Trainee: 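Take this structure first; my questions come after.
By convention in this document, chain letters (A, B, ...) are assigned in the order of the sequence lines, proteins followed by strands, and residues within each chain are numbered from 1. Nothing here was measured: the structure is a model prediction, and the numbers come from that model. Just so it is clear, the values below take in all heavy atoms, side chains as well, and ignore hydrogens, waters and symmetry mates.
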Protein chains: 2
Amino acid sequence: MESEVSQCRVEEALGIVVGKWKPVIILYLLHEGTKRFSELKRSMPGITQKMLTKQLRELEEEDIIKRVVYPQVPPKVEYSMTDYGRTLSPILEAMHEWGTNHVIHKQTIKVVEKEA
Amino acid sequence: MESEVSQCRVEEALGIVVGKWKPVIILYLLHEGTKRFSELKRSMPGITQKMLTKQLRELEEEDIIKRVVYPQVPPKVEYSMTDYGRTLSPILEAMHEWGTNHVIHKQTIKVVEKEA
DNA sequence: CGGTATCCGACACGATACTG
DNA sequence: CAGTATCGTGTCGGATACCG
């Protein structure tokens, strides 16, 4: 098996989860199930409607989340993970765990550097 | 356990591996061991010296890779993964695998859409 | 309620040239 | 060989305003 740099498919996965709010959205929907647009917005202080809409559309485009519109007034739109989207769960959880540890590791590095 | 959006640490991990060439560099060093700057450059067609240097410096900064300079003429610099950097391996491999499957999945989606 | 439309700044990335 | 330095560009994300 040749170690061909050109056939690295990490970018394919990264492209899905990269984005200021995408990991948060995915983890939130994974843990909380189905949520309305306004609930998502309320759960993410600082996000603008434009950004939330954009990130949701991109995730929907990649079949990670499902968007259901209820034709009524006032409008109601619900978002949830697709079965396929749920396959991202191990990766996201692994990154969350690694990231948590990394925060600690960075402190360790700084201490070592100071002692040197 | 509260599902607090603000304490999502996925970004911490993402910040390390995001970058046009970082996943490629990491996977290459994971698989091939220690490599010189020129070997890395030769293995990544299209990368510029500036970008390679920058990505390597950032990975070194986070203690993912190790940089060893041999004080001689002409210069020789070797790069390799740190033990800590190797802890990224499961995540990178998982993303590579997921990404490989995603390429196939996208085709499936398009077919389904056309039939609809 | 759940969106669009428009403008704008920051920065990632690239091309190119120069250096100990 | 293994880098800097400089300049240019496109995309991402934020602020703000308006709409069915």
Trainee: Can you tell me how far P of D:dC12 sits from NZ of B:K20, to the nearest Å?
Mentor: 13 Å
Trainee: For B:I65 and D:dA2, give me the distance from atom CD1 to atom C1', rounded to whole Å.
Mentor: 14 Å
Trainee: For a quick test of reading the model: is some side-chain N or O of B:R42 closer than 4.0 Å to OP1 or OP2 of D:dA2?
Mentor: no
Trainee: Does the side chain of B:Y79 get closer than 4.0 angstrom to OP1 or OP2 of D:dC1 through an N or O atom?
Mentor: no
Trainee: Please report, rounded to the nearest Å, how far the P atom of D:dA5 is from the CE atom of B:M51.
Mentor: 16 Å
Trainee: Hey, does the side chain of A:H102 reach the backbone of A:W98 with a donor-acceptor pair shorter than 3.5 angstrom?
Mentor: no
Trainee: For B:K66, does the NZ atom have more than 12 heavy-atom neighbours from other residues, nucleotides or ligands under 6.0 Å away?
Mentor: no
Trainee: Once you apply a heavy-atom cut-off of 4.0 Å, does A:Q55 come out as touching a base, just sugar-phosphate, or nothing?
Mentor: sugar-phosphate
Trainee: Would you indicate, yes or no, if D:dA2 has its OP1 or OP2 atom less than 4.0 angstrom from a side-chain nitrogen or oxygen of B:S38?
Mentor: yes
Trainee: Within a radius of less than 6.0 Å around CD of B:E39, do more than 12 heavy atoms belonging to other residues, nucleotides or ligands occur?
Mentor: yes
Trainee: Of all nucleotides in DNA chain C that come within under 4.0 Å of a heavy atom of chain B, which is furthest toward the 5' end and which toward the 3' end?
Mentor: C:dC13 to C:dG20
Trainee: Distance check: side-chain N/O of B:R67 vs OP1/OP2 of D:dG3, anything under 4.0 Å?
Mentor: yes
Trainee: On DNA chain D, check which nucleotide each of A:T48 and A:P75 is closest to and give me the residue with the more 5' one.
Mentor: A:T48
Trainee: Could you check whether B:K41 gets within reach of a base, just the sugar-phosphate, or nothing at all, counting any heavy atom under 4.0 Å?
Mentor: nothing
Trainee: Please report, rounded to the nearest Å, how far the C1' atom of D:dG13 is from the NZ atom of A:K22.
Mentor: 12 Å
Trainee: Does OP1 or OP2 of D:dG14 have a side-chain N or O of A:Q49 closer than 4.0 Å?
Mentor: no
Trainee: From NZ of A:K50 over to P of D:dC18, roughly how many Å is that when rounded to an integer?
Mentor: 17 Å
Trainee: Quick check against the 3.5 Å criterion: does A:T100 have a side-chain atom that pairs as donor or acceptor with the backbone of B:R9?
Mentor: no
Trainee: Specify the separation, in whole Å, of atom NZ of A:K54 and atom C1' of D:dG13.
Mentor: 7 Å
Trainee: Just wondering, are more than 12 heavy atoms of other shown residues or ligands nearer than 6.0 Å to CD in A:E97?
Mentor: no
Trainee: Check this one for me: any side-chain N or O of B:R36 less than 4.0 Å away from OP1 or OP2 of D:dC1?
Mentor: no
Trainee: Using a 3.5 Å distance criterion without hydrogens, assess whether the side chain of B:T87 forms a donor-acceptor pair with backbone atoms of B:D83.
Mentor: no
Trainee: Run through B:E61, B:E12, B:E62 and flag the one making a side chain to side chain donor-acceptor pair (under 3.5 Å) with A:K106.
Mentor: B:E12
Trainee: Give the ring-plane orientation class for B:Y79 versus B:F37, where under 30° counts as parallel, over 60° as perpendicular and anything between as tilted.
Mentor: tilted
Trainee: Just how far, in rounded Å, is C1' of D:dT4 from CZ of B:F37?
Mentor: 11 Å
Trainee: Let me know the distance between CE of B:M44 and P of D:dA2, rounded to the nearest Å.
Mentor: 13 Å
Trainee: Need to verify one output field. Residue with the more 5' nearest nucleotide on DNA chain C, A:V69 or B:G19?
Mentor: A:V69
